[in-house]
Undergrad: 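I am attaching a structure below and will ask some questions about it afterwards.
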Amino acid sequence: MTTDASNAPQAAQESVTPEPTNAPGRNEMPVENRAGANTDAGSTSTLAWGARSDVGLVRSHNEDAFLVKAPLFVVCDGMGGHAAGEVASSIAVQTIAEHAPTHADDILLGVAVEDANTAVLEGSLSGVGKPGMGCTATCVLIENNKMAVAHVGDSRIYLLHGGTLVRITHDHSYVEELVDSGEITADEARIHPSRSIITRALGSDPDMYADHFTLDVSTGDRIIMCSDGLSSMVPDKDIEELAVSSVTPQAAADTLVSAALTSGGHDNVTVVVIDVVEDGLASLHNIQRLKQVRTWIIIAAATMLAVFAVLVGLMHNSWYVGNNNGTVGVYRGVRDEILGIPLHTLIEHSSVEVCDLPAALQNQIDEGIIVSSAEEGHATIERYRDQIDDEKTKAAAAAEATKAVAGANQKQQKDDDEDTPEDETGDATPSEAAQTGKQAADEAESSALAQVQSAERGGE
């Protein structure tokens, strides 16, 4: 049988997706297919995780327990021997899962751990497990860029940020107190003969309280939770190196458990690794920007509505007298426009010509004379009409008077031209005739002036 060689590589590529591999390092003990091992891996849109718990190379049973219920993660290390430590850690994990908050509230998470302490104590009194059983409890709840932490015992939480590993919990143990007092170093504490003495744990004291706090995390951060089966076997610098070189959270958990086994595996070892895939800040910023844009749109719309309301009010409650293509008209609104839309409407036109008004008044008409109502605008036009009629009447009267004077002068001149000197029989001389003509002209002029004054008084 033959195979098409050209299609074989493509088919293989489509059917097999290569898994990411860790950076090359030391040879470690394989952890796959080990009896009593427990693993869990998964992801959400914001988190990815991997977990592994192993009985180790010395103990006969595993007293560790862990919970992976995103966004809640818990590691508990049981104490009290067979059928006791594992019962205590199982009760603690279950109780914390039931009482944990839904948000990154470290106070409420600490309360859930304290509830677990009560449950472990009640279990030992009711015959579930054995008297004296107990466990550690180390919890995180991650919400966007906030991580709530609650902690009791010597299990640990590390934060790998920017390639640097930082332990963020404080061991409640005898050797940690020695380290704090400067009597021993952290490396000496790992091999100290009293390293298993715990100063605070679930199941030992009804008044036990949990340490709790909240930290900021960001995209790319890696959180490592572990029982002392890892921290007592592998130095922090090696944990950092292995965590940095591991590609996926599950690969990191497997590598760290393998390192603990390679170093002797004297205790149960449990490791939970969580990667912050998306801290939600970008989404939060987008939401805030959308809120800001929406707010500005609302403000702009409200402003536009307010301006529109003002303009409508002006258009309905404002009037002015203006130039309507050469005649005087009354307008409702204001003499302006927006985007080419006039804010006024002609409501009355007239036959009053703007050019018949005084020059100063013509300029005011062109600019628009504000009036309080349409009625006042109409009355203003009528006043202009009366003023123009009066001016025309006065002008006509003055013209008639001027015409009368001119006629009288013309007639007198004609009479003067026709008159001749009289003889000695007693008729008037030429000088007397001229004087008589002048008196007649003066009388005519006085009569015309009286007519003009009479016309002016009639106009007033």
Undergrad: Could you check whether any side-chain N or O of S318 sits under 3.5 Å from a backbone N or O of G333, counting only pairs where one atom can act as donor and the other as acceptor?
TA: no
Undergrad: Please report the shortest heavy-atom distance between V93 and A65, naming the atom on each side.
TA: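 Result for this residue pair: CG2-CB, 3.9 Å.
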Undergrad: Write out all pairs satisfying ring pair (Phe, Tyr, Trp, His ring centres under 6.0 Å) with one or both partners inside residues 193-243, taking only residues at least two apart or from two chains.
TA: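 Residue pairs passing ring pair (Phe, Tyr, Trp, His ring centres under 6.0 Å), neighbours aside: none found.
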Undergrad: Taking only residues two or more places apart in sequence, or in another chain, which ones meet A186 in a side-chain contact (heavy atoms from CB on, under 4.5 Å)?
TA: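 Testing A186 for side-chain contact (heavy atoms from CB on, under 4.5 Å), a comparison that skips the adjacent residues, returns none.
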Undergrad: Among L109, I107, V111, find the residue that satisfies the side chain to side chain contact (heavy atoms under 4.5 Å, CB included) test when tested with P101.
TA: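 By the side chain to side chain contact (heavy atoms under 4.5 Å, CB included) criterion, P101 pairs with just one of L109, I107, V111: L109.
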Undergrad: Treating E176 as the side-chain partner and S173 as the backbone partner, does any N or O pair qualify as donor plus acceptor under 3.5 Å?
TA: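 Side chain of E176 to backbone of S173: no pair is present.
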Undergrad: Check for a donor-acceptor pair, side chain of S89 on one end and backbone N or O of E86 on the other, with a separation under 3.5 Å.
TA: yes
Undergrad: Which pairs, with at least one residue in residues 189-199 and sequence neighbours excluded, count as a salt bridge (Lys or Arg N to Asp or Glu O under 4.0 Å)?
TA: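 Every candidate salt bridge (Lys or Arg N to Asp or Glu O under 4.0 Å) pair involving residues 189-199 fails, so no pair, neighbours aside, qualifies.
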Undergrad: Give me each pair satisfying salt bridge (Lys or Arg N to Asp or Glu O under 4.0 Å) with a member in residues 371-385, each pair once, sequence neighbours excluded.
TA: E382-R385
Undergrad: Among residues two or more places apart or on two chains, list those pairs meeting salt bridge (Lys or Arg N to Asp or Glu O under 4.0 Å) that have a residue in residues 197-214.
TA: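 Pairs touching residues 197-214 that pass the test: R200-D211.
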Undergrad: Got a sec, which residues hit ring pair (Phe, Tyr, Trp, His ring centres under 6.0 Å) with Y331, two or more places apart in sequence or on another chain?
TA: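 Y331 satisfies ring pair (Phe, Tyr, Trp, His ring centres under 6.0 Å) with Y320, H344 only.
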Undergrad: Q250 and D254: side-chain donor and acceptor closer than 3.5 Å?
TA: yes
Undergrad: Please report, to 0.1 Å, the donor-acceptor pairs under 3.5 Å made by any side chain of residues 297-312, with sequence neighbours excluded.
TA:
| from | atom 1 | to | atom 2 | distance (Å) |
| --- | --- | --- | --- | --- |
| T303 | OG1 | I299 | O | 2.7 |

Undergrad: Kindly say whether V31 contributes a backbone atom to a donor-acceptor pair with the side chain of R52 at under 3.5 angstrom?
TA: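 Present.
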Undergrad: Check side-chain contact (heavy atoms from CB on, under 4.5 Å) between T169 and all other residues, then give those that pass, not counting sequence neighbours.
TA: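 In terms of side-chain contact (heavy atoms from CB on, under 4.5 Å), with neighbours along the sequence ignored, T169 is linked to V149, H151, R156, I157, R167.
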Undergrad: Going by the rule side-chain contact (heavy atoms from CB on, under 4.5 Å), which residues pair with I347 if we only count those two or more places apart in sequence or in a different chain?
TA: W319, V330, R332, A374
Undergrad: For A137 and L202, work out which heavy atoms get closest and say how close.
TA: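 Between these two residues, the closest heavy atoms are CB-CD1, 3.8 Å.
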Undergrad: Using the side chain to side chain contact (heavy atoms under 4.5 Å, CB included) rule, pick out the option among I274, L160, V276 that qualifies with R222.
TA: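 Running side chain to side chain contact (heavy atoms under 4.5 Å, CB included) over I274, L160, V276 with R222 returns exactly one hit, L160.
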Undergrad: Does R59 have any salt bridge (Lys or Arg N to Asp or Glu O under 4.0 Å) partners at least two apart in sequence or in another chain, and if so, which?
TA: E63, D267
Undergrad: Would you confirm whether S53, through its side chain, and N38, through its main-chain N or O, come within 3.5 Å as a donor-acceptor pair?
TA: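 Such a contact is absent between S53 side chain and N38 backbone.
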Undergrad: The test is side chain to side chain contact (heavy atoms under 4.5 Å, CB included); show your working for I223 and F73 and say whether it passes.
TA: CA-CA 10 Å; I223 297 100; F73 303 88; over 6 Å; no
Undergrad: side-chain contact (heavy atoms from CB on, under 4.5 Å) with Q94: which residues, sequence neighbours excluded?
TA: E98
Undergrad: Quick check: does any side chain N or O of N363 sit under 3.5 Å from a backbone N or O of A360, one acting as donor and the other as acceptor?
TA: no
Undergrad: Sequence neighbours excluded and cut-off under 3.5 Å, please list the side-chain donor-acceptor pairs for residues 224-233, or say none.
TA:
| from | atom 1 | to | atom 2 | distance (Å) |
| --- | --- | --- | --- | --- |
| S227 | OG | D64 | OD2 | 3.0 |
| S227 | OG | T270 | N | 3.1 |
| S232 | OG | D228 | O | 2.4 |

Undergrad: Verify side-chain hydrogen bond (donor to acceptor under 3.5 Å, both in side chains) between T214 and D106, making sure each step is shown before the conclusion.
TA: CA-CA 6 Å; T214 301; D106 62 286; 2.7 Å; yes
Undergrad: Which pair of heavy atoms, one from L72 and one from A97, lies closest together, and at what distance?
TA: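 Here L72 and A97 meet closest at CD2-CA, 4.0 Å.
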Undergrad: Donor-acceptor pair, distance only, cut-off 3.5 Å: does the side chain of S258 make one with the backbone of M29?
TA: yes
Undergrad: Run H170 and D180 through side chain to side chain contact (heavy atoms under 4.5 Å, CB included) and show every step you take.
TA: CA-CA 10 Å; H170 186 273; D180 292 342; 2.7 Å; yes
Undergrad: Considering non-hydrogen atoms only, spot the tightest contact between L47 and V277 and give its length.
TA: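 The answer is C-CG2, 3.8 Å.
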Undergrad: So does A92 get a backbone contact from the side chain of T95, meaning a donor-acceptor N/O pair under 3.5 Å?
TA: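 Judged by distance alone, no pair lies under 3.5 Å.
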